[in-house]
J.: 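Quick one: structure below, then a few questions.
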Amino acid sequence: MERLIKSGEGWRIGWNPHASEFQGLVGTDDWAIELTSAELDDFCRLLAKLADTMKQLTAELMDEEKIACEAESDLLWMEVEGYPHEYSLRFILNAGRCAEGKWSAFAVPGLLQAAATLKVF
């Protein structure tokens with residue numbers, strides 16, 4: 001598999017299996033950070049978990065009710081905030097170098113879809 005960068009309005013995510021240390025990439029139109037394979041795996045896994053949690057909360061909340069949910073691994077922390085159908089995403093790297101980033105609610109659906117299929121061969 002060759003290097004792959006997926007992008008849309010307000011988001012981008014990438015995978016380069018041939019890179020020596022940082023095989024992953026996440027970012028927006030304005031910033032990006034390279035991630036190790038393990039960090040990218042955790043990012044994609046936690047993003048899917050948070051999206052599933054927000055979907056499950058749809059029936060529990062009133063239409064005007066906002067919520068924030070967090071998920072964490074040894075490598076990173078993530079949070080979604082907003083309505084179950086429209087929420088922003090933040091992350092902070094916990095290990096090694098320090099970095100944080102945020103995606104607006106309009107960018108999250110595209111990022112979520114791309115993350116789910118990034119490493120499908």
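Computed from a predicted structure; not experimentally measured.
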J.: For Glu9, look at atom CD and say whether over 12 heavy atoms of other residues, nucleotides or ligands are found less than 6.0 Å away.
T.: no
J.: Is there a side-chain contact (heavy atoms from CB on, under 4.5 Å) between Leu25 and Leu35? Walk through the geometry before answering.
T.: CA-CA 6 Å; Leu25 175 116; Leu35 302 176; over 6 Å; no
J.: Can you name the nearest heavy-atom pair linking Leu40 to Gly14, along with the distance?
T.: CD2-O, 3.7 Å
J.: Please determine whether residues Tyr83 and Leu89 belong to a single hydrophobic cluster, defined as Ile, Leu, Val, Met, Phe, Trp and Tyr linked transitively by side-chain heavy-atom distances below 4.5 Å.
T.: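 No.
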J.: With clusters defined by side-chain heavy atoms of hydrophobic residues (ILVMFWY) lying less than 4.5 Å apart, directly or transitively, does Trp11 cluster with Ile33?
T.: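 Looking at the clustering, Trp11 is in the same group as Ile33.
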J.: If you apply the rule side-chain contact (heavy atoms from CB on, under 4.5 Å), what do you find for Leu76 with Ile92, and how did you get there?
T.: CA-CA 6 Å; Leu76 54 100; Ile92 298 174; over 6 Å; no
J.: Check whether any side-chain N or O of Gln23 sits under 3.5 Å from a backbone N or O of Ala19 as a donor-acceptor pair, and report yes or no.
T.: yes
J.: If every non-hydrogen atom of Cys44 is compared with every non-hydrogen atom of Ile13, which pair is closest and at what distance?
T.: SG-CD1, 4.2 Å
J.: Would you kindly say whether Thr117 and Lys6 are connected by a side-chain donor-acceptor distance under 3.5 Å?
T.: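 Present: a donor and an acceptor within the cut-off.
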J.: Give me the atom names and distance for the closest heavy-atom approach of Asp42 to Ser73.
T.: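 In this case the closest contact between Asp42 and Ser73 is OD2-OG, 2.6 Å.
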J.: Does Thr28 offer a backbone N or O that forms a donor-acceptor pair with the side chain of Arg12 under 3.5 Å?
T.: yes
J.: Is any NZ, NE, NH1 or NH2 atom of the basic residue among Glu39 and Arg97 found under 4.0 Å from an Asp or Glu carboxylate oxygen of the other?
T.: yes
J.: Indicate yes or no for a side-chain donor-acceptor contact from Ser104 to the backbone of Phe106 under 3.5 Å, with no hydrogens or angles considered.
T.: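 Side chain of Ser104 to backbone of Phe106, a donor-acceptor pair under 3.5 Å: no, none is there.
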J.: Contact between Phe22 and Ser37 at the side-chain level, heavy atoms closer than 4.5 Å - yes or no?
T.: no
J.: Honestly curious: do Met78 and Leu75 fall in one hydrophobic cluster under the side-chain, below-4.5 Å linking rule?
T.: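 No, it is not one cluster - the side chains of Met78 and Leu75 are not joined through contacts under 4.5 Å.
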J.: Would Trp31 end up clustered with Leu93 when hydrophobic side chains under 4.5 Å apart are linked, directly or stepwise?
T.: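 They do share one cluster, since a chain of ILVMFWY contacts under 4.5 Å joins Trp31 to Leu93.
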J.: Charged N to carboxylate O under 4.0 angstrom, Asp52 versus Lys55?
T.: no
J.: Take Glu79 and Cys69, measure what side-chain contact (heavy atoms from CB on, under 4.5 Å) needs, and give me the verdict at the end.
T.: CA-CA 6 Å; Glu79 175 189 60; Cys69 295; over 6 Å; no
J.: Which value, rounded to the nearest 0.5 Å, describes the distance between Asp29 atom CG and Trp103 atom CH2?
T.: 12.0 Å
J.: Regarding Trp77 and Glu70, do their side chains bring together a donor and an acceptor under 3.5 Å, going by distance alone?
T.: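 Per modelled atom types, Trp77 and Glu70 side chains form a pair under 3.5 Å.
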J.: Restricting to non-hydrogen atoms, name the atom on Met54 and the atom on Pro84 that form the minimum distance, rounded to 0.1 Å.
T.: O-CB, 3.4 Å
